[in-house]
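Lettering of chains follows the sequences in order, A, B, ..., and the numbering in each one begins at 1. Predicted, not measured: the structure shown is a model, and the values here were computed from it.
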There are 2 protein chains.
Amino acid sequence: MPNDKPTAYPADSQDEAPPAPVKRSRGGPKGLRITDVAAVAGVSPITVSRVFNNPESVAPETLERVRQVVHKLGYVPNRLAGGLSSSKSRLIAAIVPTIAHSLFSETIQVFSETMSKAGYQVLLALSGYSDSSEETLLDAVLSRRPEGVLLTGVAHTDSLRERLRNVGIPIVETWDMTDTPIDMLVGFSHYRVGEAVAERFLARGVLHPGLVSANDDRAIARITGFRERLARAGIHDIAEVIVAPPSSVSIGKTSLPQLLEQTPQLDAVFCGSDLLAIGVLGEAKRRGIDVPSQLAICGFGDLEFASETSPQLTTVGVDGTRIGVSAARCLLERLKGVKEANVTDVGFHIVERQTV
Amino acid sequence: MPNDKPTAYPADSQDEAPPAPVKRSRGGPKGLRITDVAAVAGVSPITVSRVFNNPESVAPETLERVRQVVHKLGYVPNRLAGGLSSSKSRLIAAIVPTIAHSLFSETIQVFSETMSKAGYQVLLALSGYSDSSEETLLDAVLSRRPEGVLLTGVAHTDSLRERLRNVGIPIVETWDMTDTPIDMLVGFSHYRVGEAVAERFLARGVLHPGLVSANDDRAIARITGFRERLARAGIHDIAEVIVAPPSSVSIGKTSLPQLLEQTPQLDAVFCGSDLLAIGVLGEAKRRGIDVPSQLAICGFGDLEFASETSPQLTTVGVDGTRIGVSAARCLLERLKGVKEANVTDVGFHIVERQTV
DNA sequence: CTGAAAGCGCTTACAG
DNA sequence: CTGAAAGCGCTTACAG
């Protein structure tokens with residue numbers, strides 16, 4: 001040894017002593033931990049954990065005592081830690097194009113209510129109507145390790161579908177229909193909606209139909225059904241105005257002159273939403289066109305106020321509340337271990353408010 | 001020693017060997033971890049972490065290599081772990097009474113968009129209109145350790161306000177006004193809305209006003225402003241129908257006869273929402289009452305469709321989008337370290353659609 | 001620009 | 001019914 005002089009260490013230092021571990025403070029106490037509660041209540045941390053997650057397994061008086069300490073201290077468990085440890089985030093992601101002025105908001109409302117009654121919380125992810133950044137959005141969502149996912153519409157890209165399938169958590173697609181769902185599905189066929197509206201128009205003797213719609217996936221499916229059904233009846237010329245979402249009353253207003261320019265004899269318009277329909281209706285009135293005798297107008301969504309203020313409109317009603325509740329139930333069943341796949345067609349109904 | 005026969009242990013077992021730690025498997029691999037990426041990329045886990053959280057601090061070619069491995073493997077970081085470790089959940093909670101058929105949905109829409117652009121995600125918590133379980137809801141929210149909270153309305157109970165103040169994260173109250181905000185606030189005075197509507201009515205020469213409203217906090221504030229302003233003008237008798245939320249067109253319809261029963265000379269109605277106003281208007285028409293000449297009706301919310309379909313209605317407009325954006329900005333500034341308090345009165349405007 | 005060690009606050013899997 | 005030890009998958013705080 002090059003240097004065997006006595007060291008400066010205290011007398012009790014031992015030759016074999018491991019290097020003292022560097023104490024790295026991480027910024028001091030951030031708040032109450034489960035150990036704080038345990039110490040005050042005179043139990044182990046595990047018991048405190050059980051009080052929250054499995055109270056039946058704790059003796060009644062222990063339970064009571066711990067609960068009082070929890071309440072007195074104002075302790076709130078850290079679910080980031082709990083989720084990491086248990087692999088149960090108790091989080092469900094809801095991916096929706098938009099919740100503003102939208103049919104989806106009531107679906108999300110009841111979905112969220114149902115989920116929170118079952119002890120889950122909802123992470124809201126707004127996808128917009130473009131799918132440019134959907135991969136990024138999905139990364140953000142999956143990084144929270146949700147235990148289930150509600151999708152609005154059927155996922156478009158194969159890559160997305162593949163990824164969702166592979167995470168191995170229950171997925172429920174809503175508000176649309178497909179033969180190849182990722183997992184579960186609660187929705188209806190927009191294609192058939194289009195067909196059904198076309199049939200109504202045909203039954204009325206419509207010869208020169210038009211359509212106004214935003215260009216989101218489901219609206220396109222409705223348009224396709226509409227067009228194809230009309231084509232089978234020999235009608236191929238359809239006036240068409242396609243706009244970027246979100247649709248609105250004012251877009252409806254401006255679209256009518258465009259449709260009339262394409263088809264001066266226009267006698268029916270299928271609108272992508274009730275808002276568009278209201279706009280078209282208002283503009284028709286302004287031009288002295290009688291609805292529905294000269295121009296039939298069909299909307300989509302069956303908004304309550306529309307039925308009150310615009311009884312001349314026909315529309316397509318969908319039970320958004322039922323979709324939300326069913327979607328929640330599907331996920332919850334799976335989370336309880338039920339394994340069956342599940343596709344529910346909730347259908348739709350055409351609301352003819354005023355006899356033709 | 002009672003038993004010093006040779007043991008059955010292998011020859012290399014040592015007397016001093018510490019008790020072999022029990023290996024407790026936790027269920028095997030749940031998915032890719034940061035160490036998997038690190039191993040493939042030939043770097044340490046910390047470097048992979050930096051690629052996600054602080055890419056500027058990583059050499060360009062290391063960055064590129066790690067990113068390729070991440071992409072190839074499909075690795076998604078676990079933010080439960082990340083959040084626990086860093087005390088940064090990147091989560092913002094939005095507590096809203098309801099998002100269905102509601103003015104709040106557009107606030108939440110833009111709030112959520114703004115937040116996600118800044119790298120945060122929104123945890124949606126629906127409080128309903130009762131505050132019975134608000135403590136429970138808050139526990140659920142705080143257990144996720146959000147970095148900020150948006151509240152709709154000003155929190156009611158002292159206990160709630162105290163708890164929110166104590167968590168030490170930025171809080172923004174919205175859609176209401178108070179002299180004693182918990183922290184930041186973006187809203188307007190519902191009391192003043194009520195006063196302003198009363199003044200419009202007085203200016204019209206109204207003598208026998210009534211009101212229909214749901215009984216949520218903000219509606220009550222509007223009613224109070226309305227009543228007190230009228231009282232100052234000597235009007236104390238006000239017909240009144242108070243209903244449980246959510247309000248709707250059909251409730252509006254049924255309320256008019258009730259108001260007329262209380263005050264047969266009824267010449268104005270202040271409604272808690274545009275939906276109620278539309279219902280009242282429809283019922284008035286049905287009874288041959290001209291609006292606004294015989295009966296003035298004022299709603300709340302300025303829904304776009306109402307202006308198109310019911311120009312006879314007056315209403316109160318509020319910029320919900322601005323509230324959402326401002327609330328998001330307030331929170332984001334704080335999260336960046338700016339310390340100033342912030343109270344924004346976004347005001348409101350009365351929309352008189354048809355000249356009296 | 002990069003890494004080894006320690007720690008975030010819980011829960012699991014045992015054992016008693 | 002209760003608890004000591006280990007581990008969940010990251011990031012911090014250093015050190016180089």
Notebook entry, point to check: Between Arg90(A) (CZ) and dC8(D) (P), how many Å, whole number?
Noted result: 22 Å
Notebook entry, point to check: Expressed in angstrom and rounded to an integer, what is the separation of Lys88(B) atom NZ from dT11(D) atom C1'?
Noted result: 10 Å
Item checked: d(CD1, Ile34(B); C1', dT11(D)) in whole Å -> 8 Å
Next item on the list: Take the protein atom CZ of Arg144(B) and the nucleotide atom P of dC10(C), then report the distance between them rounded to whole Å.
Entry: 13 Å
Next item on the list: Grab the CG-P distance between Leu80(B) and dG7(C) for me, whole Å please.
Entry: 22 Å
Notebook entry, point to check: Which residues within residues 36-57 of chain A lie with some heavy atom under 4.0 Å of an atom in DNA chain C?
Noted result: Ile46(A), Ser49(A), Asn53(A)
Notebook entry, point to check: Are the ring centres of Phe104(B) and Phe111(B) closer than 6.0 Å?
Noted result: no
Note to self: Let's go through Arg144(B) and Gln121(A) carefully: what are the C-alpha distance in whole Å and the side-chain angles of both, what is the deciding distance for side-chain hydrogen bond (donor to acceptor under 3.5 Å, both in side chains) to 0.1 Å, and is it a yes or a no?
What the structure shows: CA-CA 10 Å; Arg144(B) 304 290 174 180; Gln121(A) 284 174 271; 2.8 Å; yes
Next item on the list: Could you please name the partner base of dA4(C), counting Watson-Crick and G-U wobble pairs only when both distances are under 3.5 Å?
Entry: none
Notebook entry, point to check: How close or far is atom P of dC8(D) from atom CG of Leu84(A), stated in whole angstroms?
Noted result: 9 Å
Note to self: Once salt bridge (charged side-chain N to carboxylate O under 4.0 Å, His left out) is applied, do any residues pair with Arg334(A), and if so which ones, sequence neighbours excluded?
What the structure shows: Asp183(A)
Next item on the list: Measure the spacing between CG of Leu80(A) and CG of Leu91(B) and express it to the nearest 0.5 Å.
Entry: 7.5 Å
Checklist line | Distance below 4.0 Å between Thr62(A) side-chain N/O and dT2(D) OP1 or OP2 | finding: yes
Margin query: Between the base of dG9(C) and the side chain of Thr35(A), is one N or O donor paired with an acceptor at under 3.5 angstrom?
Written below: no
Notebook entry, point to check: Taking only N and O in the side chain of Tyr75(A), is any of them less than 4.0 Å away from OP1 or OP2 of dC10(C)?
Noted result: yes
Note to self: If I take atom CG in residue Asn78(B) and atom P in nucleotide dG9(C), what distance separates them, rounded to the nearest angstrom?
What the structure shows: 17 Å
Notebook entry, point to check: What distance separates Thr62(A) OG1 from Arg67(A) CZ, expressed to the nearest 0.5 Å?
Noted result: 11.5 Å
Notebook entry, point to check: Can you find a heavy atom in the side chain of Glu134(B) that is under 4.5 Å from one in the side chain of Thr157(B)?
Noted result: no
Margin query: Do Thr174(B) and Leu151(B) make a side-chain contact, defined as non-hydrogen atoms from C-beta onward lying under 4.5 Å apart?
Written below: no
Item checked: Base paired to dA13(C) (Watson-Crick or G-U; both N/O distances under 3.5 angstrom) -> none
Margin query: Using heavy-atom distances to pick each residue's nearest nucleotide on DNA chain C, tell me which of Arg145(B) and Arg65(B) is more 5'.
Written below: Arg65(B)
